[in-house]
**Q** 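Structure below; questions to follow.
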Amino acid sequence: MAVLAMRRISIYGMKAQRKDVLDMLQRRGVVEIIQQPPDGRFSEELDTRTDIDRFQADQRAAEQALEILDVYCPAKKSMLSALEGRRRISPEEYGKSAERVADTGAAAYSIIKLARELEDCRAEQLRLHSKLEELAPWLELDISMELRGTRETAVFIGTFPQLMTREDILTRLAEMAPEASAVEAEVLSTQPQQTCVFVLCLKDNRDVVETALRAMGFSWPQNPGKDPPSKQAADISVQIKSNEETITVVEEKLKGYGSQREELCFLHDYCSMQIEKCEVLSILRQSRRTFIITGYVPAKNVAELEEELTKSFTVFVETEEPEEDEETPVVLENNGFASPMEPVLEGYGLPTRGEVDPCTPMACFYYILFGLMLSDAAYGLIMTVGCAIVLSKFKNMESGLKKSLKMFLYSGISTMFWGIMFGSYFGDAITVISSTFFGRTVTIPALWFVPLNEPMRLLVFSFLIGIIHLFVGLGVKFYQCVKAGQWKDAVYDVVFWYLLVGGGIVYLLTMDMASEMLGLGFTLPKLCGTVAAICAGTGAAGILLTSGRDSKNPGKRLLKGIYGLYNVSGYLSDILSYSRLLALGLATGVIASVFNQMGAMIGGGPVGAVVFAVVFIIGHTLNIGINVLGAYVHTNRLQYVEFFGKFYEGGGKKFRPFAAHTKYYKIKEENKS
């Protein structure tokens, strides 16, 4: 376990080589560039906002074009394609693709233009179909709906908001406009809430007839059009057909761009790299002919980086140790066993400068705790084999995902171990299957004990694991204090707590009541109790006298000492928290057994076998999913709250080097270290 040492680096070079130097640093990805205040020699700043905006626009265009292609010509991907990681390309391939970004950008904008044209055509189709539906009730009318009459007559073409017959219309007109004569009406179409009509009267009676019609709810049609409805419908049908042909042509054009998907992905990543480069350029300090790059680099990369820079460019490289109080970025370096803990640790916070990397002790307990909570050999085998297959098949997957899968792989091995120790294989599936379908009871005995039969034994073991876990946390704090030369703090904040908590536990084990309650079957001799009581008393007195050592006021010092001693209740609470190992371990076995019993309710025979298989597969799939999630969450909690609470503060700043942070591709050229 290690937090890599960092060095501060300054690179001085000629302005003409600035771009090439940045390209090399970006490919290497080992330097986090920081902004320095201007001084008399390097005071010029470069405004790259325009270039950033241009690259961001091209990147959005590439992303939008890819989304469009996913709709009209989706790429064939397997269910596990997300595990494949980014495609690796060589610097030569990168250079060739970079030469084509202008053409790719033009293709991206063409795709977007075609998609908008397609959207417009489809919107027009909706409008035309809507207009066609509006015209449907008027198709029997062979004159324009705009017609309002002739030299001698008045024409009313419109609708009533209810179902009406020709007789109803004429009767109501006769009642409401008796002076009007020679009125004729024709019903063109009817619907439950609409009647389309044609009404004709003498021009002299226009006003009285219109007044009567409006009183009946008459209204003129919206957007009637100059041509007869049938002519309008025919024209619209022609437009719809023409639009359909246009849509087909545009879709084919879009599908033709499917072969440029890779180039569009490259354009997206190319823009990402150029944006980051422009952002770095904006914070560099430079003079008329020179520039300076300042940042942090892991100490192990300094020699190689300096050699390559001085060999390839006319630059001067200066490195130095950071100041003692300087906050430097954090890089973790662990072996294959502990590195899966790095994403878990980052979820809490990276160590600050001077803190140790807790990944190795975390890993030792993480896998044990996870396995105890799941504790089924079959579930562990499924996890182990599944993760092993994925890791072996997808070797190019991203680092974070690979570490997570390794974490579940090791946790699966631990789960298998504890499942064998406790005799759990899909719960009691072997016993249920043998007795139900083969008429004889077969069991695989537990190598240690069955938790369902002896829950108190598992609870005591859980407390023991918790005590060891907490004491290891205190041990890490002791190591940190000694490493920093804080010997007094190591005694006051660690040794005294070892004496108090350890002595208290040992003293309890000398009491018959405690031994009987925990089902231990043994009691420590009284001499051990006496020694333990002395140790606990010494620890309590030490905590009381030293917890307030940072205060010069005797009263405050005493109060802080009392408060510090009160924190012993926190240790009791922490130890009790490990009872979740019992709770989740039992839950896994009980739920598995319930599903086994449910599947066997119908009994043996072909039908019973089918029902059992269905219930078995569904039930155990749900059980493993729920309990893997529960084990993951609660194992993290025991690390974050109980374990880290004894020594770890966190809050370190993650190392974010100037690198090719891309989505689809990564350059093969890597650090040689």
Side-chain angles (χ1 to χ4, degrees), residues 341 344-345 347-349 358-376 407 410-411 414-415 418 421-422 451-452 454-478 493-494 496-509 514-515 517-520 536 539-540 543 563-591 626-650:
M341 292 296 100
V344 179
L345 180 63
Y348 183 88
C359 285
T360 297
M362 271 183 68
C364 296
F365 285 97
Y366 196 98
Y367 306 138
I368 292 173
L369 297 176
F370 193 106
L372 272 171
M373 290 186 192
L374 198 56
S375 62
D376 187 280
M407 183 268 289
Y410 295 139
S411 298
S414 173
T415 301
W418 291 113
M421 297 299 289
F422 297 150
L452 287 173
E454 301 179 71
M456 184 56 70
R457 192 174 182 182
L458 180 57
L459 180 62
V460 173
F461 181 69
S462 300
F463 288 156
L464 176 61
I465 291 289
I467 293 168
I468 296 172
H469 196 202
L470 297 178
F471 277 21
V472 169
L474 282 173
V476 176
K477 184 172 184 178
F478 184 87
D493 296 335
V494 179
F496 284 156
W497 281 107
Y498 272 138
L499 292 173
L500 175 57
V501 178
I505 293 172
V506 172
Y507 184 79
L508 282 175
L509 297 180
S515 298
M517 183 175 64
L518 297 175
L520 296 178
I543 293 168
Y563 179 76
L565 187 59
Y566 175 75
N567 284 336
V568 71
S569 61
Y571 278 84
L572 176 61
S573 174
D574 290 342
I575 294 172
L576 291 176
S577 292
Y578 288 84
S579 61
R580 68 188 68 238
L581 298 176
L582 166 70
L584 270 75
L586 291 181
T588 303
V590 169
I591 295 173
I626 292 172
N627 284 287
V628 164
L629 178 61
Y632 174 75
V633 170
H634 288 285
T635 304
N636 285 352
R637 186 201 179 281
L638 290 174
Q639 299 286 347
Y640 291 162
V641 179
E642 279 72 27
F643 187 57
F644 284 175
K646 299 298 170 284
F647 70 95
Y648 192 68
E649 291 184 5

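All of these numbers come straight from a predicted model, not from anything done at the bench. Residue numbers start at 1 and run along the sequence shown. Hydrogens, waters and symmetry mates play no part in the numbers below; they use all other heavy atoms, side chains included.
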**Q** Please walk me through it: do Phe647 and Val494 pass side chain to side chain contact (heavy atoms under 4.5 Å, CB included)?
**A** CA-CA 10 Å; Phe647 70 95; Val494 179; over 6 Å; no
**Q** I need the Leu584 CG to Phe370 CZ distance, nearest 0.5 Å.
**A**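 Between Leu584 CG and Phe370 CZ, I get 10.0 Å after rounding to 0.5 Å.
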**Q** Are the side chains of Leu474 and Leu470 in contact, using a 4.5 Å heavy-atom criterion?
**A** no
**Q** In Å and rounded to the nearest 0.5 Å, what is the OH to CG distance from Tyr578 to Leu369?
**A**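 Answer rounded to 0.5 Å: 6.5 Å.
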**Q** If you define the side chain from C-beta out and look only at heavy atoms, does anything of Leu565 sit under 4.5 Å from Leu500?
**A**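 Yes. Closest side-chain heavy atoms under 4.5 Å.
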**Q** Taking C-beta and beyond as the side chain, do Thr588 and Phe422 meet within less than 4.5 Å on heavy atoms?
**A**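 In short, these two side chains do not touch, never coming nearer than 4.5 Å.
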**Q** Could you pull out all donor-acceptor pairs under 3.5 Å where a side-chain atom in residues 638-645 meets a protein atom, sequence neighbours excluded?
**A**
unit_1	atom_1	unit_2	atom_2	d
Tyr640	OH	Val344	O	2.5
Glu642	OE1	Arg637	NH1	3.0
Glu642	OE2	Ser577	OG	3.0
Glu642	OE2	Arg637	NH1	2.9

**Q** To the nearest 0.5 Å, how far apart are CG in Asp376 and CD1 in Ile591?
**A** 11.5 Å
**Q** Heavy atoms, side chains only, cut-off 4.5 Å: are Ser579 and Leu459 in contact?
**A**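 Answer yes - side chains close enough.
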**Q** Minimum heavy-atom separation for Gly504 and Ala536, please, with both atom names.
**A**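 Scanning both residues, the minimum pair turns out to be N-CB, 4.0 Å.
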**Q** Would you please classify the geometry between the Tyr366 ring and the Tyr632 ring as parallel, tilted or perpendicular, with 30° and 60° separating the classes?
**A** perpendicular
**Q** What I'd like to find out is whether the side chain of Lys646 reaches to under 4.5 Å of the side chain of Val476, using heavy atoms alone.
**A** no
**Q** Could you measure the distance from the CE atom of Met421 to the CG atom of Leu372? Nearest 0.5 Å is fine.
**A**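 The CG atom of Leu372 is 10.0 Å from CE of Met421, to the nearest 0.5 Å.
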**Q** Pairs of donor and acceptor atoms involving the side chains of residues 461-468, under 3.5 Å and at least two apart or interchain, shall be tabulated with distances.
**A**
unit_1	atom_1	unit_2	atom_2	d
Ser462	OG	Leu458	O	2.8

**Q** Under the ring pair (Phe, Tyr, Trp, His ring centres under 6.0 Å) rule, collect the residues that match up with Tyr566, sequence neighbours excluded.
**A** none
**Q** Sequence neighbours excluded, which residues qualify as salt bridge (charged side-chain N to carboxylate O under 4.0 Å, His left out) partners of Lys477?
**A**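 Lys477 satisfies salt bridge (charged side-chain N to carboxylate O under 4.0 Å, His left out) with no residue once adjacent residues are dropped.
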**Q** Applying side-chain contact (heavy atoms from CB on, under 4.5 Å), name anything that partners Glu454, two or more places apart in sequence or on another chain.
**A** Phe449, Arg457
**Q** Check ring pair (Phe, Tyr, Trp, His ring centres under 6.0 Å) between His634 and all other residues, then give those that pass, not counting sequence neighbours.
**A** none
**Q** Flag yes if more than 12 heavy atoms outside Tyr507 fall under 6.0 Å of its OH atom; otherwise flag no.
**A**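 Count not over threshold, so no.
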**Q** Checking side chain to side chain contact (heavy atoms under 4.5 Å, CB included) for the pair Val568/Trp497: CA distance, chi angles, key distance, verdict?
**A** CA-CA 8 Å; Val568 71; Trp497 281 107; 4.0 Å; yes
**Q** So which atom in Phe471 and which in Tyr498 form the shortest heavy-atom distance, rounded to 0.1 Å?
**A**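 Looks like O-OH, 2.5 Å.
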**Q** If you round to the nearest 0.5 Å, how far is CD1 of Ile368 from OG of Ser411?
**A**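 So the OG of Ser411 and the CD1 of Ile368 are separated by 11.0 Å.
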**Q** Are the aromatic rings of Tyr348 and Tyr648 close, with centres under 6.0 Å apart?
**A**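 Tyr348 vs Tyr648: aromatic centres under 6.0 Å.
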**Q** Grab the two heavy atoms, one from Ser414 and one from Gly371, that are nearest each other, plus how far apart they are.
**A**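 What the structure gives for the nearest pair is OG-CA, 3.4 Å.
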